[in-house]
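Notes follow the structure.
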2 protein chains.
Amino acid sequence: MDGDLIPLERPRAERADAARNRRLLLETARRMIDEAGAENVTMDGLAEQAGVGKGTVYRRFRTRAGIFVALLDAEERGFQQRVLSGPPPLGPGGDPVDRLIAYGQGRITFLLENHAVARAAMGQNRPVPVAGPGLTRPHIRVLLEGAGVGADHLDALTLQLAAALEGPVLLYLTVPDPGEAEGERSLRALAEGWKVLVTRVCRT
Amino acid sequence: MDGDLIPLERPRAERADAARNRRLLLETARRMIDEAGAENVTMDGLAEQAGVGKGTVYRRFRTRAGIFVALLDAEERGFQQRVLSGPPPLGPGGDPVDRLIAYGQGRITFLLENHAVARAAMGQNRPVPVAGPGLTRPHIRVLLEGAGVGADHLDALTLQLAAALEGPVLLYLTVPDPGEAEGERSLRALAEGWKVLVTRVCRT
DNA sequence: AGCATAAACGGACTTTACCCCGGTTAGATT
DNA sequence: AATCTAACCGGGGTAAAGTCCGTTTATGCT
């Protein structure tokens, strides 16, 4: 019998060289995106630029979309921290409806800033990695509950609101990379729309 | 000077052979989807099965996603007719909120039935052809106006509701091809969610 | 009917995502 | 420290998307 359970639960630590290559690849990818745009990041090119073999890139990220998912994940950490333990209205402690509105504004900002990457992360296969897991739905659900939405409508409204939040950027936004002014206008319009929607849905 | 303006406005009718090949390709594509699934439809394969050259397929549909967009368009015609000139509550004549609810149910049904094709129509590049143009947004807008939504919130709510309607199926639905029972449950849940959302948004 | 022209056609070519497998190396075990 | 093993590395191979361009054909005009 093996008395030590920890190693079984965490099957194996990431090897040092693997971690180094992961960081190297993410940095290289970010640089390539900045220089030439997300659509010009190829697996071969990334491997060459980073000075590793093609197989390494695929081992790390499974698929092309996986690169962008990983990039987005890293980028999202900061925002998630502010949501979970930052000051109100985004962080815990305020009125649930205000938190919902603030969360939407933050999420829209994030999606717009990383629009190209977010779109690239939607490989045409599988669950849509950007929107699928993540904090958005559980968070919306908790806040709706706190705002007094009845349990019989909770799941339904959570899904609808999540889609209303992420849909416009992921589905409808056509401009590849909104310029300064354009992006600002989009942000205002979407944040305002979200606020109106949440207000209407949550009023008693 | 050229006195005849009509030919200038309608540059040229589609050539007979082109139209024939368009129909042939759409039929072949549909058959291939039924037999092997949308993800196994390749441009080369489609051209070969239809007995035309690859260049022809690309001329007709621009891109792989274009095939599925065209297929979806054709499929959607019937539903659009019922919306524009069928009996209430879907067609004109009833309460705007009821029409909105009925439209959502119809649209969800359509998207679920053509889920594989709809997802395949979302080429990871650019405007997202399924959700972009189409009847959904203008129709929602008109009905919201009819339901007494103030003009200052009209555009915003139109966008949010359109995303709430199409987002769940296009972004979140993970099951490749929902089976009989599974699909039925999804339909009920999504239609119910839409109804709750619209009711809450439109109540005065 | 014959002709001019613009559109459609076809297939070879290029690029790129993704697979595979032999060789190598980091870490655990004794 | 030596060894063992699983994970990592690399680059060549395949299939499919999308481009190009020379050839063929339908359609409008005289």
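Chain identifiers are assigned alphabetically (A, B, ...) following the order of the sequence lines, protein sequences preceding nucleic acid strands; residue numbering begins at 1 within each chain. What you see below is based on every heavy atom in this structure, not just the backbone, and it leaves out hydrogens, waters and symmetry mates.
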message: Rounded to whole Å, please give me the gap between CD1 in A:I67 and P in C:dC18.
response: 9 Å
Whole-Å distance separating the CG atom of A:L46 from the C1' atom of C:dT16: 13 Å
Nearest-Å distance for atom pair CE/P, residues B:M32 and D:dA16: 10 Å
task: Round to the nearest Å and state the distance from A:R20 atom CZ to C:dT25 atom C1'.
output: 11 Å
message: Which nucleotide wins on minimum distance to the side chain of B:T63, given the candidates D:dG18, D:dA17, C:dC9?
response: D:dG18
- request: Find which nucleotide of DNA chain D each of B:D17 and A:G53 is nearest to by heavy atoms, and output the residue with the more 5' nucleotide.
  value: A:G53
- prompt: Within the structure, does a side-chain N or O atom of B:N21 lie under 4.0 Å from either OP1 or OP2 of C:dC9?
  reply: yes
- line: Rounded to whole Å, CZ of A:R62 lies from P of C:dC18 at a distance of 10 Å
query: Looking only at atom types and distance, does a side-chain atom of A:T56 sit under 3.5 Å from a main-chain N or O of A:V52, one as donor and one as acceptor?
result: no
field: Test item: A:R119 side-chain N/O and A:N114 main-chain N/O as donor-acceptor pair under 3.5 Å
entry: no
message: Just the rounded figure in Å: distance from C1' of C:dC9 to CZ of B:F61.
response: 15 Å
- prompt: Would you say the side-chain atoms of B:Y172 pair up with the backbone N or O of A:A162, donor to acceptor, closer than 3.5 Å?
  reply: yes
field: Proximity to the side chain of B:K54 - top-ranked nucleotide from C:dA8, C:dC13, C:dA17
entry: C:dC13
query: Nearest to the side chain of A:R15, which nucleotide is it out of C:dT25, C:dC9, C:dC18?
result: C:dT25
query: Within the structure, does a side-chain N or O atom of B:T56 lie under 4.0 Å from either OP1 or OP2 of C:dG10?
result: yes
query: So, does B:R23 use its side chain to make a donor-acceptor pair with the main chain of B:A18 at under 3.5 Å?
result: no
Distance, rounded to the nearest Å, where B:Y58 contributes OH and D:dG18 contributes P: 5 Å
task: Mind calculating the distance between CG (B:D44) and C1' (C:dG10) to the nearest angstrom?
output: 12 Å
query: Which nucleotide in the list D:dA17, C:dA17, D:dC8 gets nearest to the side chain of A:A18?
result: D:dC8
query: For A:R59 and B:G55, take the nucleotide of DNA chain D holding the closest heavy atom to each; which residue's nucleotide lies nearer the 5' end?
result: A:R59
field: A:R64, nearest nucleotide to its side chain (from D:dC8, D:dG13, C:dA17)
entry: C:dA17
task: Report yes if at least one side-chain N or O of A:R60 is closer than 4.0 Å to OP1 or OP2 of D:dC8; otherwise report no.
output: yes
message: Can you tell me how the ring of B:F79 sits relative to the ring of B:F110, calling it parallel under 30°, perpendicular over 60° and tilted otherwise?
response: parallel
